[in-house]
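Below, read A as the first sequence line, B as the second, and so on, with proteins coming before strands; counting in each chain starts at 1.
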Number of protein chains: 4
Amino acid sequence: MTEKKRNIIDAAAQLFSSNGFSATSTSKIAEKAGVSEGLIFRHFGNKSALLDTILAEGEQRLKSYYSDIVFESDPREVLRKIIELPFVLTAEDLEFCRLQTKLAWEMNATNSSHLKPHFLKVELAFKKLGVDNPKMETDVLFYLIEGINAALLNAKIEDADAVKAFLINKYLS
Amino acid sequence: MTEKKRNIIDAAAQLFSSNGFSATSTSKIAEKAGVSEGLIFRHFGNKSALLDTILAEGEQRLKSYYSDIVFESDPREVLRKIIELPFVLTAEDLEFCRLQTKLAWEMNATNSSHLKPHFLKVELAFKKLGVDNPKMETDVLFYLIEGINAALLNAKIEDADAVKAFLINKYLS
Amino acid sequence: MTEKKRNIIDAAAQLFSSNGFSATSTSKIAEKAGVSEGLIFRHFGNKSALLDTILAEGEQRLKSYYSDIVFESDPREVLRKIIELPFVLTAEDLEFCRLQTKLAWEMNATNSSHLKPHFLKVELAFKKLGVDNPKMETDVLFYLIEGINAALLNAKIEDADAVKAFLINKYLS
Amino acid sequence: MTEKKRNIIDAAAQLFSSNGFSATSTSKIAEKAGVSEGLIFRHFGNKSALLDTILAEGEQRLKSYYSDIVFESDPREVLRKIIELPFVLTAEDLEFCRLQTKLAWEMNATNSSHLKPHFLKVELAFKKLGVDNPKMETDVLFYLIEGINAALLNAKIEDADAVKAFLINKYLS
DNA sequence: GATGAATGAGAGTTCATTCAT
DNA sequence: TATGAATGAACTCTCATTCAT
């Protein structure tokens with residue numbers, strides 16, 4: 001990948017994330033990336049394919065967080081790790097989550113949260129721990145995590161560590 | 001308010017809600033409302049003032065849900081009512097919440113959830129009930145409600161009543 | 001029809017006729033018509049619908065030439081009139097024929113010559129006059145007229161009247 | 001000439017012939033030819049020089065048809081050969097004639113028909129055969145041949161042989 | 001109050017062409 | 001010879017907005 005192509009992706013990601021997809025013009029992307037507008041189309045074909053590229057790149061980065069949970073067998077550890085997930089994202093990955101959520105709202109797409117694949121794993125953990133209604137308990141935990149994520153993405157949580165500790169205590173003590 | 005003005009507001013609300021603000025053109029609004037494009041500007045001045053009108057109208061409708069909680073003194077009832085809030089919205093009001101959240105994401109506005117005014121009320125309730133960390137407990141409850149709200153708005157919850165019952169049981173038993 | 005809409009049609013007709021369809025930009029049309037470029041799209045939707053409008057208008061004008069032949073019963077008069085047709089067009093109508101032929105070549109469309117409807121009429125005339133192979137004779141006459149038309153449109157015929165007289169003599173003496 | 005250069009010429013000829021000059025982009029030519037876009041400019045300098053190359057190559061091919069007529073002395077044979085000319089072209093040469101005519105219309109160039117050089121020859125033939133107005137007779141024959149050519153190029157003539165026979169009979173019996 | 005003509009700015013995209021490799 | 005990155009100008013078309021009626 002050439003430097004200019006990289007610049008386009010980065011500039012577009014930032015602008016999409018702060019202004020949204022349709023409010024970001026290709027000319028502004030080109031300007032921010034320091035390239036000619038035509039280059040965007042030479043590399044990506046069209047604006048929405050550029051978005052796809054960005055999205056795919058981000059998904060790729062998030063995948064690294066999954067493996068940590070997938071191979072965990074201790075139910076308590078599964079819960080701990082799924083709760084911690086929103087808090088351990090790097091600033092860059094958090095930024096990508098923001099973009100993902102923002103676009104999900106803009107495009108009416110179901111935000112395919114990166115948590116989803118772990119649903120069954122968590123349900124099983126609750127089952128092993130003997131809770132009353134493991135399916136519902138999982139649902140609710142995921143709603144909670146989504147809510148925290150949204151707050152986190154918009155920097156509405158002041159002391160994230162305290163929240164994390166509180167939750168872990170709530171679910172694992 | 002003339003019928004045509006009403007039509008504009010309704011058409012715009014629907015289009016903003018499904019396509020977003022900047023992806024909705026005034027010409028499409030006029031077409032859907034069955035009026036000339038110029039009339040939009042005659043009545044509202046510009047596109048974003050039209051949005052403001054819609055938003056204000058919606059807020060007004062939501063206010064009716066507040067009063068029910070504001071004057072509640074029983075702490076357990078406060079909790080019950082705040083938890084039930086997302087589930088008792090009419091379809092129309094739910095639709096407006098969708099719009100509100102969608103726009104909050106599009107505009108980078110802090111989604112001034114209609115729950116917020118009740119924060120202190122809920123915190124006090126938790127205090128009265130003698131929980132360990134009332135502030136944090138309130139935070140978490142609100143994150144959870146936000147998460148449920150988001151899921152509700154996107155029709156991702158199948159059996160809403162079951163979720164409601166589960167939560168009330170969790171917090172009030 | 002407003003004056004500006006009229007101007008657009010006229011300007012476009014001239015430019016299409018001299019430069020062809022795809023080599024004529026909407027911005028040049030707007031400039032020549034003295035209107036904003038957007039107005040073209042407000043009135044016609046897109047560039048090719050503008051072309052359709054021009055074409056339809058021209059066809060309409062050419063229709064007036066038809067009726068003269070349609071009701072002719074004398075076979076010799078039919079021949080005389082069909083031969084004279086290319087020579088009696090007004091300058092404006094000739095210009096439109098140029099456009100029509102030019103576009104037929106550009107678009108790979110079969111140039112639906114305005115002569116076609118008279119094919120059977122002419123064949124019948126030849127039959128009445130007792131020629132050997134009326135169908136073929138008609139075909140050839142039409143090829144000839146097409147050739148003359150093409151030459152006429154490109155101003156390659158110096159003394160048109162002489163050609164007309166020669167042909168009438170050839171076919172009717 | 002390298003294979004790639006050949007491919008460019010062939011691809012361009014086909015595309016110009018079916019879509020016209022200005023509606024054919026160099027990128028499409030490169031794609032069809034299976035070469036990089038830059039190579040077109042390396043070989044031909046610019047798009048219109050590529051066209052010139054194609055045109056010149058085609059003219060060269062058509063020249064072979066001329067010699068047959070140039071050295072003919074029998075006036076009846078001259079007429080026969082000139083009439084037969086449009087019908088004896090190979091499919092490939094016919095395709096080139098199509099391109100030539102199409103471009104003549106697109107560029108407002110006088111279609112330098114390959115017949116022209118024979119004008120005087122034909123006029124002389126008519127003179128020798130003692131027709132009344134040899135100049136005019138030649139003009140008309142050429143108009144007719146142009147008309148037939150146009151029909152032939154657009155595949156509008158079903159039974160070409162019959163037309164040929166009919167004409168030869170008309171002019172030589 | 002309501003329309004429809006009109007606009008200028010800017011949208012996404014394609015163009016012929018250049019140039020370093 | 002051949003490529004592919006890169007460009008700036010031009011393309012068709014849409015935008016929010018104004019204004020005379």
With sequence neighbours left out, the residues meeting side chain to side chain donor-acceptor pair (under 3.5 Å) with A:Asn46 are none
TODO: For F:dA6, take OP1 and OP2 only and decide whether either is under 4.0 Å from a side-chain N or O of A:His43.
DONE: yes
By side chain to side chain donor-acceptor pair (under 3.5 Å), A:Asp52 pairs with (sequence neighbours left out) none
When rounded to whole Å, the CZ to C1' distance for the pair B:Phe44 and E:dA2 reads 14 Å
Given Watson-Crick and G-U pairs under 3.5 Å, DNA chain F in dot-bracket ([ ] crossing, | other strand) is .||||||||||||||||||||
Across all chains, not counting sequence neighbours, the side-chain contact (heavy atoms from CB on, under 4.5 Å) partners of D:Leu153 are C:Trp105, D:Leu94, D:Cys97, D:Arg98, D:Thr101, D:Asn149
Under a 4.0 Å heavy-atom criterion, the protein footprint on nucleotides 13-21 of chain E, written with B, S and -, is BBSBBB---
Residues pairing under salt bridge (Lys or Arg N to Asp or Glu O under 4.0 Å) where one sits in residues 36-46 of chain C, two or more places apart or in two chains, turn out to be B:Glu37-C:Arg42
Heavy-atom closest pair (B:Lys47 atom, B:Thr24 atom, distance to 0.1 Å) is NZ-O, 2.8 Å
Residue pairs passing the ring-ring contact (aromatic ring centres under 6.0 Å, His included) test with at least one member in residues 27-55 of chain A, sequence neighbours excluded, are none
In short, salt bridge (Lys or Arg N to Asp or Glu O under 4.0 Å) pairs touching residues 9-31 of chain B with sequence neighbours left out are B:Arg6-B:Asp10
Taken to the nearest whole Å, CD1/A:Ile29 to P/E:dG12 is 7 Å
Residues at least two apart in sequence or cross-chain that pass side-chain contact (heavy atoms from CB on, under 4.5 Å) with B:Ala12, listed by chain then number, are B:Phe16, B:Ile29, B:Leu50, B:Ile54
note: C:Glu31, atom CD; F:dT12, atom P; distance rounded to Å ~ 13 Å
To the nearest angstrom, the CG-P distance between C:Leu51 and F:dC13 comes to 12 Å
A:Thr90 meets the side chain to side chain donor-acceptor pair (under 3.5 Å) criterion, sequence neighbours left out, with A:Asp93
Here the residues of residues 4-15 of chain C within 4.0 Å heavy-atom distance, strictly under, of DNA chain F are none
Sorted by position of nearest nucleotide on DNA chain F, 5' first, the leading residue of D:Thr2 and A:Leu39 is D:Thr2
Looking only at heavy atoms, the pair that brings D:Leu51 and D:Met107 closest together is CD2-CE, 3.6 Å
Contacts of B:Ser17 meeting side chain to side chain donor-acceptor pair (under 3.5 Å) (sequence neighbours excluded), chain-then-number -> B:Glu95
